[in-house]
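Here is the structure we will look at.
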Protein chains: 2
Amino acid sequence: MSTVPKSAPEPTLSDVAALAGVSRAIASRALSAQPRPVSADKRERVMRAAETLGFRPNSLARGLANKSVNLVAILVNHIHDLSDLDLFDLLLTEIQAIGKQVIFIRVGAGEDAERFLRDGVAYHVDAALVFADFADAATMRTMFRNNAVLMLNGHHDAGAASVTMDEAKGIGEAVADAAAKGVRSAMLLTGRMMSLVEQARVASYRAALQAHGIELLAELAGDYSYASGRQLARQIDVDTTGAVFCTSDAMAMGVLDAHRQHFPDHRPARFRLYGFDNISLTQFDAYPISSIGADRKEYVAQIVRILNDPAGLASGGGHVLVATRYVPRLTG
Amino acid sequence: MSTVPKSAPEPTLSDVAALAGVSRAIASRALSAQPRPVSADKRERVMRAAETLGFRPNSLARGLANKSVNLVAILVNHIHDLSDLDLFDLLLTEIQAIGKQVIFIRVGAGEDAERFLRDGVAYHVDAALVFADFADAATMRTMFRNNAVLMLNGHHDAGAASVTMDEAKGIGEAVADAAAKGVRSAMLLTGRMMSLVEQARVASYRAALQAHGIELLAELAGDYSYASGRQLARQIDVDTTGAVFCTSDAMAMGVLDAHRQHFPDHRPARFRLYGFDNISLTQFDAYPISSIGADRKEYVAQIVRILNDPAGLASGGGHVLVATRYVPRLTG
DNA sequence: CTGTTAGCGCTTTCAT
DNA sequence: ATGAAAGCGCTAACAG
């Protein structure tokens with residue numbers, strides 16, 4: 001197929017060994033990241049030879065021998081929620097910082113993820129970060145060759161590590177805030193209900209609202225998007241609704257736009273409005289939406305910590321919870 | 001290192017061959033994607049054996065033998081511009097659709113990209129899509145093992161294919177629109193000037209403004225972000241400025257927020273405002289910003305087309321231009 | 001059409 | 001500490 005005119009035929013370990021006047025084994029050891037027994041002078045010669053040749057280890061070959069490629073897969077439904085921007089850039093940075101590269105897999109609704117993965121390099125990653133909401137841990141373990149699966153979609157399982165946001169806390173704070181401001185009734189705009197995270201989120205809202213004696217007038221099913229919030233907002237009766245809780249900031253933005261006239265100077269004149277995820281867009285003047293979110297730095301740090309402990313990861317490591325908190329802004 | 005308790009030792013091609021009662025070569029051919037000479041019945045037996053064993057080809061091994069891994073790298077400075085959301089989800093989808101997987105590389109300002117790439121799988125990708133703005137084609141060719149580099153950052157070179165947006169066209173239309181509305185003076189808010197794309201963009205604005213006899217009052221250096229637009233907006237003298245052109249929609253959003261009072265009902269009462277990229281956020285009510293952009297579907301289609309022609313790619317394939325156009329909204 | 005034989009580039013016993 | 005040799009799993013000549 002690829003009859004590419006290769007200018008210089010890549011130097012291999014053998015070339016380095018030859019130039020250094022040592023065996024391939026020595027060259028391999030000298031170049032290894034882990035400490036391996038090699039005499040100082042030979043190590044030196046190997047390093048020098050590698051340098052002059054411009055040697056680049058072939059990580060595929062290394063992976064084949066090692067069964068480890070310093071590659072992690074990130075499995076997502078898609079990347080177009082506004083909250084993705086805030087997360088993935090940081091995640092990518094931190095994963096690269098520990099010397100691993102990232103292969104992004106977009107599985108949409110999960111249709112043919114299995115087939116797609118089967119013949120790809122992704123199947124051989126050292127670890128898989130699962131954000132896609134359809135997937136349970138057992139399926140993921142068979143989908144990827146190894147057991148090193150980190151569940152980030154709310155699916156729990158003794159065999160897989162997980163990092164989950166403790167959303168009940170932030171939700172409790174937000175609802176308490178509303179209650180303290182005299183809210184007696186509320187509506188809830190929800191997202192993709194097939195997601196376990198979303199189910200837990202909704203349950204938390206119900207519980208918190210009940211605990212504070214706030215009547216839940218209705219739950220409207222959206223899809224996290226601005227458009228769905230904009231659309232569902234029509235069903236809000238501003239005369240009877242004390243607060244609108246949305247399970248995404250984007251939906252809250254839609255609601256806000258639909259009811260601008262009730263938010264003079266962005267401050268609620270009729271109902272209070274709460275979003276979710278605390279995306280950076282809520283810092284834009286036009287959408288000063290009170291929200292709920294975790295410290296992303298900490299969330300990512302936990303993920304990376306687990307990634308760095310392959311033994312723990314593979315053995316089903318820990319299940320860690322990251323706290324969320326209520327972040328008041330103008331609309332709440 | 002990874003002493004993972006592997007339940008079942010992955011079946012290999014040898015196992016399949018054994019169970020099917022054929023040689024490994026036959027098994028390999030039967031399982032190959034390309035048509036290879038194998039008798040119908042043996043092929044059948046191999047397929048059945050592979051099926052019952054749950055055989056998954058090891059793509060690392062295949063890659064080692066083949067020198068091709070069906071993997072493409074996407075090199076970016078970062079992923080946090082709003083326009084990234086609109087692009088990468090689509091790009092990922094389409095690349096996966098042609099059976100390739102994507103490894104994302106975030107190089108920040110380009111500090112140690114070389115070192116980082118050196119020992120990663122990314123070095124062995126079949127092709128590299130370069131969005132990062134610091135990189136010239138020659139550097140990229142040595143950075144990745146092969147010549148299959150596709151430049152998307154405005155850097156041209158006889159040795160590498162490229163897809164570039166023909167921004168002059170859209171910019172010309174936008175400026176013409178302003179001129180037609182009586183605009184006689186304007187300010188320009190720019191982004192990262194080390195980017196070739198940005199330099200061309202700014203040059204296009206200068207040329208178009210001059211051509212239409214619009215006086216360029218000042219160029220203010222921002223960084224594409226909302227915050228920078230919000231900040232620089234203070235320097236706009238609404239009494240003398242007929243229009244503000246921004247080289248990103250996010251900056252225009254910042255300007256809009258800074259001067260809300262001059263846009264009653266989002267319509268310009270003082271100066272006209274133009275963004276760039278035509279991001280989906282400009283469809284939100286609060287930011288109805290007139291913008292300039294290309295058809296993303298076509299842009300991505302061109303990229304994928306080139307990706308699918310490895311011969312052309314490696315030999316420095318074509319340089320294709322994708323048209324942009326002016327997209328009027330309320331602020332223009 | 002089929003099986004045998006070499007590798008792809010690297011790591012790792014295992015003797016020395 | 002060192003080198004020879006045996007793989008990792010697969011594909012590609014090359015004879016039959």
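Small disclaimer: the values here were computed from a predicted structure and weren't measured. In the text below, chain A, chain B and the rest are named by the order of the sequence lines, each starting its count at 1.
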Task: Any B:Lys67 side-chain nitrogen or oxygen under 4.0 Å from OP1 or OP2 of D:dT11 - done: no

Task: d(CG, A:Asn70; P, C:dC10) in whole Å - done: 16 Å

TODO: Taking only the side-chain nitrogens and oxygens of A:Ser39, find out if one of them lies under 4.0 Å from OP1 or OP2 of D:dT2.
DONE: yes

Open item on the list: By nearest atom, which of the nucleotides C:dC1, C:dT11, C:dC14 is closest to the B:Pro37 side chain?
Closed with: C:dC1

Task: Side chain of B:Phe55 (C-beta onward), nearest among D:dT11, D:dC10, C:dT4 - done: D:dC10

- [ ] State whether A:Asn66 places a side-chain N or O below 4.0 Å from either non-bridging phosphate oxygen (OP1 or OP2) of C:dT12.
- [x] yes

Open item on the list: Please confirm whether the shortest side-chain N or O distance from B:Thr12 to OP1 or OP2 of D:dC8 is below 4.0 Å.
Closed with: no

- [ ] State which of D:dG9, D:dC8, D:dA4 makes the closest approach to the side chain of B:Leu64.
- [x] D:dG9

Task: N/O (side chain, A:Arg36) to phosphate O (OP1/OP2, C:dT12) under 4.0 Å - done: yes

- [ ] Could you work out which one of D:dC10, C:dG9, D:dA4 sits closest to the side chain of A:Asn58?
- [x] C:dG9

Open item on the list: Distance check needed: D:dT11 C1' versus A:Leu60 CG, whole Å only.
Closed with: 14 Å

TODO: Answer yes or no: does a side-chain N or O of A:Lys42 lie under 4.0 Å from OP1 or OP2 of D:dG3?
DONE: yes

Task: Whole-Å distance separating the CD atom of A:Gln34 from the P atom of C:dT11 - done: 10 Å

- [ ] When you get a sec, tell me which of D:dC10, C:dT12, D:dT2 is the closest nucleotide to the side chain of B:Ala65?
- [x] D:dC10

Task: Among C:dT4, C:dC10, C:dC14, the nucleotide that comes nearest once only the side chain of A:Arg24 is considered - done: C:dC10

Open item on the list: Heavy atoms from C-beta onward define the side chain here; which of C:dG9, C:dT13, C:dT2 lies closest to that of B:Ile26?
Closed with: C:dT2

Open item on the list: Using the side-chain heavy atoms of B:Pro57, tell me which of these nucleotides is nearest: D:dC10, D:dA13, C:dT11.
Closed with: D:dC10

Open item on the list: Does D:dG3 have OP1 or OP2 under 4.0 Å away from a side-chain N or O of A:Ser23?
Closed with: yes

